[in-house]
There are 2 protein chains.
Amino acid sequence: MAAKRVGTQDKRPHRKAAPVPSAQEPRLSLERIVATAVELLDAEGVEGLKMRRLADRLGSGAMSLYWHVANKEEVFDLALDSVLEYRGSSQMIESPDWRQAVFHILEDWRASMLRHPWSASLLPRRALGSNILGRLELLGRVLSTAGVEEADLNGAIWSLWNYVMGATITRANFVLSDEDMLAGQQRLAHLSAEYPTIGRARLLLDNDWDGVFRKGLEFLLDGIVPSR
Amino acid sequence: MAAKRVGTQDKRPHRKAAPVPSAQEPRLSLERIVATAVELLDAEGVEGLKMRRLADRLGSGAMSLYWHVANKEEVFDLALDSVLEYRGSSQMIESPDWRQAVFHILEDWRASMLRHPWSASLLPRRALGSNILGRLELLGRVLSTAGVEEADLNGAIWSLWNYVMGATITRANFVLSDEDMLAGQQRLAHLSAEYPTIGRARLLLDNDWDGVFRKGLEFLLDGIVPSR
DNA sequence: CAGTTGACTCGTACAATGTACGATGCGATG
DNA sequence: CATCGCATCGTACATTGTACGAGTCAACTG
């Protein structure tokens with residue numbers, strides 16, 4: 001008889017406690033699924049991730065995934081959170097130079113996302129996963145030791161987060177839509193007529209993204225921690 | 001005989017030159033389609049927009065839409081751009097107080113998007129539509145008259161844009177995912193254990209979003225236009 | 001006026017995709 | 001061996017975007 005899942009609500013465990021070390025690695029596991037999903041997303045972008053395709057890569061049937069995962073949404077959530085894990089050293093963060101520490105945290109954050117540009121388009125729709133919270137916690141800790149009052153901490157954290165998100169999403173968008181941007185550049189003559197300031201600022205060309213990012217961050221930090 | 005569209009490539013015009021004023025309003029038009037799409041998006045969010053549903057609301061057959069629009073993507077693009085049109089007065093912008101002008105531009109921008117929270121999740125994937133470019137142009141013009149050097153204009157515009165995008169997307173995300181956030185709040189006790197700083201900063205509660213937005217903006221502007 | 005054209009509408013059909021359901025395999029335990 | 005629970009997977013279906021081609025109607029042509 002099938003081990004039916006008691007009819008009504010019973011969600012599967014979604015986690016095994018200990019994989020029973022004697023047995024060989026099970027063919028499927030959450031870890032493998034998530035890792036492969038990230039691969040697929042890197043290779044083909046958000047629309048490239050189909051359950052069947054993912055299963056193919058894993059050498060399994062499509063429906064097998066659903067034992068480990070509730071639905072496709074959860075695959076997205078897990079892939080996103082996995083990519084956002086902080087893997088840096090904690091040395092940087094405990095540096096006495098808090099300004100450098102903040103820079104490190106936020107640039108690492110941005111870099112993590114730009115390594116997987118799909119994350120930038122996924123993030124806006126998702127709740128805060130634990131790795132995001134972890135990074136926010138880290139940031140808050142550093143700001144705290146930098147002398148930010150508890151009352152200002154909320155605002156300080158969100159300001160920085162907002163800035164990093166915006167910069168990263170914009171940047172990733174340019175990474176993703178090369179053609180659009182190329183088209184945009186070729187359209188530049190046109191544009192300059194309608195949008196002279198944009199044309200003069202070469203807003204769609206020559207972008208020193210990293211430099212702009214740093215500069216804006218400096219400004220924000222100057223405001224947030226008025227010392228220095 | 002049907003007026004077949006010459007076989008190979010022929011994209012439909014997508015615009016009628018003049019609707020022949022004598023005839024009654026055609027049952028379908030790009031304008032009506034876009035307006036209704038925005039309604040639907042407001043009511044049901046991004047996933048709520050289906051071609052059939054949109055057609056139902058318009059009292060037409062689903063496939064009729066495709067005469068006016070190449071595909072669903074284009075509906076998204078048009079709805080987004082439509083929502084981002086600047087409808088404010090030009091007085092504000094020509095104000096001698098450039099700082100106030102910048103604030104007005106950026107707050108209006110943010111407000112436009114928050115009125116249609118789906119726009120925040122759509123924007124990161126789309127190329128820059130003409131209404132976005134229009135707003136960037138506006139912003140650049142004000143900054144220019146505020147005394148920002150041409151060489152710094154690019155960085156200044158992007159910094160501000162990035163910040164506004166990030167703040168708006170984050171905010172819209174909280175608007176959209178009330179349940180998640182509620183869950184997050186109820187989880188707060190839990191959270192405080194793992195993330196003490198976040199707990200102390202009450203990062204997921206009590207957010208004075210508008211205040212945080214303004215403050216960060218002040219900081220950025222202080223940096224960008226060091227005068228004052 | 002009959003015929004023709006072209007703008008516009010729409011019913012049908014199909015392919016792609018997420019996933020519900022139930023069968024099946026398998027290792028461990030009694 | 002029988003049983004059970006974890007894990008896998010084939011089949012089937014509903015939903016959705018959209019290709020295709022037929023149908024409608026007003027304006028224009030002769």
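In this text, all values refer to a predicted model and were calculated from it rather than measured experimentally. Chain letters run A, B, ... following the sequence lines, proteins first and then strands; every chain starts at 1.
By the 4.0 Å N-to-carboxylate-O rule, A:D208 lies too far from A:R214 to be salt-bridged with it. For the pair B:K72 and B:D77, the salt-bridge criterion is not met [side-chain N within less than 4.0 Å of a carboxylate O]. Salt bridge annotation for B:D42-B:R115: absent, with no cationic side-chain nitrogen under 4.0 angstrom from a carboxylate oxygen. A salt bridge is defined here as a Lys NZ or Arg NE, NH1 or NH2 lying under 4.0 Å from an Asp or Glu carboxylate O, and A:R126 with A:E73 meets this definition.
An OP1 or OP2 oxygen of D:dA7 is reached within less than 4.0 angstrom by no side-chain nitrogen or oxygen of A:S64.
In this structure, A:D56 places its CG atom 13 Å from C1' of C:dT17, rounding to the nearest Å. Taking atom CG of B:L30 as the reference point, atom P of C:dC8 lies 11 Å away to the nearest angstrom. One can place CH2 of B:W67 at 19 Å from P of D:dA22, the figure rounded to the nearest angstrom. What separates NE2 of A:H68 from P of D:dA7 is a distance of 7 Å, to the nearest Å. For B:I33 and C:dC10, the CD1 to P distance is 11 Å, given to the nearest whole Å.
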A correct 5'-to-3' footprint of nucleotides 15-20 of chain D, with B, S and - meaning base, sugar-phosphate only and no protein heavy atom under 4.0 Å, is -BBBBB

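Among residues at least two apart or in separate chains, salt bridge (Lys or Arg N to Asp or Glu O under 4.0 Å) pairs with a member in residues 82-92 of chain A are A:E85-A:R87.
Proximity of a side-chain donor or acceptor of B:S119 to a complementary backbone N or O of B:H116 within less than 3.5 Å is detected.
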Between B:T170 and A:W158, is the side chain to side chain donor-acceptor pair (under 3.5 Å) condition met? List the steps. CA-CA 9 Å; B:T170 300; A:W158 280 124; over 6 Å; no

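Direction of the helix axis in the helix from C:dC1-D:dG30 to C:dG30-D:dC1 shifts by 30° between the two five-pair termini, rounded to 10°.
A cation-pi arrangement is absent between A:R171 and A:F213, since the terminal nitrogen or guanidinium carbon is not both under 6.0 Å from the aromatic centre and inside a 45° cone about the axis.
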